[in-house]
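Written below as structure tokens is the structure these notes are about.
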Amino acid sequence: MMMELKCLKKGFFITFEGNDGSGKTTQILRLTDYLKEKGLEVVLLREPGGTPIGEKIRHLVLDNENQGMCLMTEMMLYAASRAQLVHSVIRPGILAGKAVICDRFVDSSYAYQGIGRELGLDTVRTVNQYAIGDCMPDLTFFMDIDADTAMARRNAKGEAADRIESEKMDFHRRVYQGYNQLVELYPDRIKRIDVSVSPDKVFESIKAYVDALLKTL
Ligand code: TYD
């Protein structure tokens, strides 16, 4: 049976955050299926990337050959990819009543560049204001797993590490502290999800927050 697409007056925007290896992908796919089953039109995105221009920026910023990249360049490249994504996909998607889900967004810049690279939250906020304006997620999930466990999980998969993943453990630990700081700063928007339990249990927590959001739309 063809499902009728529900037309929301205004869509919504959900982001997933966490250290490298925090297991966002599985849950993002489950949430996508769940929302589609509800008849919603889902737009699934990732950062950096999600647009042809953004994917080129992604290559530039993650390429292991670009070891000489200064921290300001790095922060601005992430913001540039984000500006393009907000302009051409996220904002139009929300306005068209779609469910927009993004694997990472501005909180990654706060955690990785602001705290991990020690550029400071204010610097990241200032630059990203130009990139995103008032386009902030309705809901953000912080997949809570400490940096060492997350990296061990990532390494066990045997995938090659990109320029950011190859950073020292101290950097990844600061990123984790950064996320914890963000949850304290924005408790209404950012929800901590314990990912040490089974994937089904993890999804139950996510689903509860999403159902509550859907009721407000
Ligand atoms: P990706 O392979 O997408 O990582 P993951 O699968 O863990 O999400 O690579 C994105 C990398 O870029 C990841 O290490 C986090 C980092 N990053 C930043 O440092 N700042 C940002 O603003 C964003 C969006 C990502």
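Residue indices begin at 1 and follow the sequence shown. All values derive from a computational prediction rather than experimental measurement. Counting starts at 1 for both ligands and their atoms, in listed order.
- Protein heavy atom closest to atom 10 (C) of ligand 1, with residue, atom name and distance, is Pro48 CD, 3.9 Å.
- Using a 4.0 Å cutoff on heavy atoms, Arg46 does not count as a contact of ligand 1.
- In this structure, Arg58 is part of the shell of residues with a heavy atom less than 4.0 angstrom from ligand 1.
- Looking from atom 22 (O) of ligand 1 to the surrounding protein, the closest heavy atom is Ser109 OG, 2.6 Å.
- Within the 4.0 Å heavy-atom cutoff, Arg154 does not count among the residues contacting ligand 1.
- Within the 4.0 Å heavy-atom criterion, the part of Gln113 lying near ligand 1 is the side chain and not the backbone.
- To the nearest 0.5 Å, the span separating OG on Ser22 from CD on Glu17 amounts to 9.0 Å.
- Using bins of under 30°, 30° to 60° and over 60° for the plane-to-plane angle, the ring pair Tyr112/Tyr179 lands in the perpendicular bin.
- Proximity annotation for atom 11 (C) of ligand 1: of Leu62, Val175, Thr25, Thr15, Leu62 comes nearest, heavy atoms only.
- Proximity of Ile164 to Glu74: side-chain heavy atoms (C-beta onward) are separated by under 4.5 Å at one or more points.
- A salt bridge does not link Arg173 to Asp146: none of the charged side-chain nitrogens sits closer than 4.0 Å to a carboxylate oxygen.
- Contact atoms of ligand 1 toward Ile164: 14 (O) (distance under 4.0 Å to a heavy atom of the residue).
- The aromatic rings of Phe16 and Phe141 lie tilted to each other, with the angle between the two planes from 30° to 60°.
- Looking at atom 14 (O) of ligand 1, its nearest protein heavy atom turns out to be Asp20 OD1, 2.8 Å.
- In terms of protein heavy atoms, atom 12 (O) of ligand 1 is closest to Tyr78 OH, 2.9 Å.
- Between atom CG of residue Asp211 and atom CD of residue Glu204 there is a gap of 11.0 Å, rounded to the nearest 0.5 Å.
- Test Asp148, Thr149, Val175 against Asn19 for side chain to side chain contact (heavy atoms under 4.5 Å, CB included) and you get one pass: Val175.
- When the heavy-atom distances from atom 8 (O) of ligand 1 to Lys24, Arg117, Glu17, Glu74 are ranked, the shortest goes to Lys24.
- Glu47 pairs in a salt bridge (charged side-chain N to carboxylate O under 4.0 Å, His left out) with only one of the listed residues (Arg82, Lys24, Arg58), which is Arg82.
- The side chain of Arg82, and not its backbone, has at least one atom closer than 4.0 Å to an atom of ligand 1 (non-hydrogen atoms only; side chain from C-beta on).
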